[in-house]
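Letters A, B, ... are given to chains in the order of the sequence lines, protein chains preceding strands, and every chain is numbered from 1.
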Amino acid sequence: MNFVGKSIPKIDGMAIATGKPVYTEDLAPANALVVKLLRSPHAFARIRSIDVSKASKLKGIACVLTYKDVPRARFTLAGQSYPEPSPYDRLILDEIVRYVGDEVAIVAAADEETAEKAMKLIKVDYEVFEPVLDYEKAIDHRAVVHSESDLHCNFDIGMQKDRNIASSQKVEVGNVEEELQKCAVVVEETCYTKAQAHCMMETYRAFSYLDHTGRLVVVSSTQIPFHVRRQLARALNTPASRIRVIKPRIGGGFGGKQTGAVEMFAAIVTLRTGKPAKIIYDRKETFTATNSRHAMRLKVRLGADSEGFIRVVDIEGLSDTGAYGEHASTTFGVVGEKTLPLYNKTRAVRFMGNVVYTNKMPAGAFRGYGATQGTFALETAVNKLAEELNMDPAALRLKNLIKVGETTLVSEGKTLGSSTLHQCIEKGQALIGWKEKYPRQATGSSKVRGLGMAVTMQGSGIANIDTASAEIRLNDDGSYTLLIGSTDMGTGSDTILNQMAAEVLDTSVDTIIVHAADTDISPYDPGSYASSTTYVTGMAVVKAAEDLRRQIVESGARFMNAALEEVDFDGQTLSTLDGEKSISLQKIAELQVLGFGGSRQLVGYATHGSSVSPPPFIAGFAEVEVDQETGKIELVDYVAVIDCGTVINPNLAAIQAEGGLVQGIGMAMYEDVRHDAWGRMMTDSFMEYKIPTRKDIGSIKVVFEECFEPTGPFGAKSIGEVVINTPPPAIAHAVYNAVGVRVTDLPITPEKVFLKMQKPGHHR
Amino acid sequence: MQIEINLNGKKVSIKVKKNEMLADTLRAHGVYSIRKGCDTACCGLCTVWVEEKPVLSCAFLSLKAQGKSITTLEGLQEEAEAFAQHLVAEGSEQCGFCSPGFIMTVLAMKRELKNPSDEEIIHYLTGNLCRCTGYLGQLRAIKKYLGVAQHEFCR
């Protein structure tokens, strides 16, 4: 392999690192109207009256829009393939406001100052309702978050909106209650995860304008250009063919930008005024009025026989989707999908529960997408089970985890195509010093060190749904253009797709121009989410490149009057095997593109989807030091051994892993979302919401235990999401082993550890 | 009000409002390497140099820049590229949005600290947040750039 498996630098790396103007805001026209949003101060209210007359008359104001001025068709902002599983429960502006921060009016002005001034002149009279703030009390609450009659679901997701249930699910194979009776040991644990904030460094932003044919062009920092086009078409009552969405360089996404947040506000201003418009959220709006991870309560019951075989996995959950149902049913389903298949010696498994509406900021997609929450709950319970069984938790896992070629109760007969998870565990144990240090070591002072572990799986794309197309052209000068619709948000996916194409075509990465993403130009791609780009788009690129290679060989052979079996293409030159004749790629390109009659430009094309979503795996190990006098926790060492199939670009994969682990460490130890009694989010800045800094992480080791996934491009699976899952349960386990305190509600703060250590009955 | 500043070695005169922050002034002046990532002087994205010292331009009144020398990444392109080569070689630029402010701080550190230890590097850069990389690749890049003796990263 010349390019696959090599640490090729990102093709856009130097431009973005050295501050070149390649992001959304940098590209906005100087004369764009500034769009600002007036937001609800109430968690739940009806707009009794709204008076914008004074604001509209202000000099420099282009338009002020209220719920009376927007189309009435409900839609979802979730970036999902049509028909979206998320309910159509939104309007651009609604008469009812459903959380503190929900949009009340759109103001567009020549400059920011005027827009701000106009917002203060809008008079709103609210009829304030009692809100639903505690998601554990949402079902059958007196208040109903969505009582409107025109809410629409594309298909049954178990919604009972009158009871505040957005989705209800149940998967059971075997009889859980019966099998639990037969188990020698049963453990139960209830875990809580918070509505983590993505905190991508570039906040949400977009700008729009009308092109020379009067079509609406939206340039947005988005992971989902094609989905945004569909959302805008519905929300604005405009044909999708009249809309173009362009994604420039993006300053991070982490799933947040898999939900449309701002595009519709700029777009409607451009449609109403005919003028360019831009909207840039500040950090507070990004925290309080976009989307987050779904907060969840997950109750796990595990049953094992006396030999330590896990026979029952039962998870009952409750998920908080907030005011709108973006990704409500699907994130919840993933909790079960990425936990139930792990331990496959089971005789009965069940996952069930509800997703509820509340009057808080809507949740959405966030790296891990339910698997993160599920992993915390399942692995916390597995660690507890190991203790009850008096078994080493690593040994318990090695005994029970699925292996290559095996099936599970929920996999409908499909066997696991690749896994090195068992080796990952063994290697991780060696690297963290499991044998020497588990479970704890006193340091001689008030501090004690503990070790913990967790394993996880994710998917690679969404089976039978994610479908990506790729096109690659041979240009007139012998170079190539690769057209894709996936959305590199800093991960380096444009680069690794370039590597794959270069590998197939035996060329160098810099002879391939990579273009993404523009709905007018790119072939269809759902966008970069669900760990799909390497695996799904990657395979489309491989097939497209193979298609083109075949055409190049056929063309060259034809020009040389040689048989196909007699020629060889080395990426530069096509030669007959006897060495008699040859033709350069450049000449083939020239003849195909510029030649007369019968010639055509060679274009490779492929559309690819997969009927499986092969799981990447990780074994994660944490060593923490806890101060018994204060509860202070220091993460000393973290080891993650990763099976993502073939590693396409080792450096970029390592950075994905390190970044995801640190985001998981943030979720485990620091990131705490708090609301006041009226539903206002108090953690709305980096002063209040702490993400890890350089000082908050200890040593982190990332190691790859590669394997070949038969359905993946060059044997690759995925890396983007799985990396975030292990820190919460592994760190919780390590803290438990250090001081005997099991924290089951994230984040694991010194305060919680200290208070639990003071409880009667605590000893260690 | 009009301020006269030395921007990346060139004298410029810019009209500013009395409550305007330097980050906004400079961006409006076409200095696009400056990014804002928070509104609370926490993230370090908007770092520029005032009189060779790193400051957060989102919290620095433009009026206070009167008569001062302001350096942004645009004024340090050669040096920035030399460091960025290392950053990119590690893959640790990732989304790149925090890179300009980060690089401004790294280059200031290079002038200020001689043979910094890992702890000193981490301490100097704590005010520069990054959500993509987990910081480790950035440290590898810095150490290679500074030519600090290679030893296993362990804080």
**Request:** Output yes when a side-chain donor or acceptor of K10(A) lies under 3.5 Å from a complementary backbone atom of Q94(B), and no otherwise.
**Result:** yes

**Item:** Polar side-chain atom of Q77(B) near backbone of T18(A) as donor-acceptor pair, under 3.5 Å
**Value:** yes

**Prompt:** Atom CD in E202(A), atom CG in L45(B): separation rounded to 0.5 Å?
**Reply:** 10.0 Å

**Prompt:** Given a strict heavy-atom distance threshold of 4.5 Å, which part of Q85(B) is in contact with chain A: side chain, backbone, both, or neither?
**Reply:** both

**Asked** So with a 6.0 Å cut-off around NZ of K284(A), is the heavy-atom count from everything else above 12?
**Response** no

**Prompt:** Could you give the distance from CG (L136(B)) to OH (Y638(A)), rounded to the nearest 0.5 Å?
**Reply:** 13.5 Å

**Complete:** Scanning both residues in full, the closest heavy-atom pair of F686(A) with C42(B) reads CB-CB, 3.6 Å

**Request:** Would you mind telling me which of T693(A), D637(A), T286(A), V662(A) has the largest number of heavy-atom pairs within less than 4.5 Å of chain B?
**Result:** T693(A)

**Asked** So, for Y135(B) and I697(A), which heavy atoms are closest and what is the spacing to 0.1 Å?
**Response** CD1-CD1, 4.0 Å

**Fill in**
When the 4.5 angstrom heavy-atom criterion is applied to M687(A) and chain B, the contacting part is both

**Request:** Could you check which of T126(B), L87(B), N128(B) has the highest count of heavy-atom pairs closer than 4.5 Å to chain A?
**Result:** T126(B)

**Asked** Any sub-3.5 Å donor-acceptor pair from R283(A)'s side-chain atoms to G37(B)'s backbone N or O?
**Response** yes

**Request:** With a 4.5 angstrom heavy-atom cut-off, could you sort out which part of I250(A) is near chain B: side chain, backbone, both or neither?
**Result:** backbone

**Heavy-atom contact with chain B under 4.5 Å, split by part of F254(A)** = side chain

**Message:** Surrounding NZ of K117(A) (heavy atoms of other residues, nucleotides or ligands, distance under 6.0 Å), is the total greater than 12?
**Reply:** no

**Prompt:** With only heavy atoms counted, which part of A89(B) is less than 4.5 Å from chain A, the side chain, the backbone, both or neither?
**Reply:** backbone

**Item:** Nearest non-hydrogen partners of S685(A) and T40(B), listed with the distance
**Value:** CB-CG2, 3.8 Å

**Asked** What part of Y23(A) gets closer than 4.5 Å to chain B, counting heavy atoms only: side chain, backbone, both or neither?
**Response** side chain

**Request:** Might you work through the side-chain contact (heavy atoms from CB on, under 4.5 Å) test for R140(B) and E658(A), ending with a clear yes or no?
**Result:** CA-CA 12 Å; R140(B) 291 193 290 270; E658(A) 291 168 354; 2.9 Å; yes

**Asked** By a 4.5 Å heavy-atom criterion (distance strictly below it), what part of F83(B) contacts chain A: side chain, backbone, both, or neither?
**Response** neither

**Request:** Please step through salt bridge (Lys or Arg N to Asp or Glu O under 4.0 Å) for the pair E25(A) and R35(B), ending with a clear verdict.
**Result:** CA-CA 10 Å; E25(A) 187 185 6; R35(B) 318 258 159 78; over 6 Å; no

**Closest-packed option against chain B by number of heavy-atom pairs under 4.5 Å, given R249(A), M201(A), Q656(A)** = M201(A)

**Prompt:** Using non-hydrogen atoms only, which part of L129(B) is less than 4.5 Å away from chain A: side chain, backbone, both, or neither?
**Reply:** both

**Message:** Has N651(A) got a side-chain atom pairing as donor or acceptor with G91(B)'s backbone, closer than 3.5 angstrom?
**Reply:** no

**Message:** Can you confirm whether more than 12 heavy atoms, excluding those of E78(B), are under 6.0 Å from its CD atom?
**Reply:** no

**Message:** Is L125(B) close to chain A through its backbone or its side chain, or both, or neither, when contacts mean heavy atoms under 4.5 Å?
**Reply:** both

**Contact origin within C95(B) toward chain A - heavy atom pairs under 4.5 Å** = both

**Fill in**
Assert top hit (heavy-atom pairs under 4.5 Å, partner chain A, pool P100(B), A80(B), C98(B)) equals P100(B)

**Request:** Decide, yes or no, whether a salt bridge links K17(B) with E113(A) under the criterion of side-chain N to carboxylate O below 4.0 Å.
**Result:** yes

**Asked** When rounded to the nearest 0.5 angstrom, what is the spacing between OG1 in T133(B) and CD1 in I655(A)?
**Response** 6.0 Å

**Message:** Could you check whether E671(A) pairs with R131(B) (Lys NZ or Arg NE/NH1/NH2 to Asp/Glu carboxylate O, under 4.0 Å)?
**Reply:** yes

**Request:** Answer yes or no: is there an ion pair linking E119(B) with R694(A), defined by an N-O contact shorter than 4.0 Å?
**Result:** no

**Request:** State, to 0.1 Å, how close E93(B) and A17(A) come at their nearest heavy-atom pair, and which atoms those are.
**Result:** CB-CB, 4.1 Å

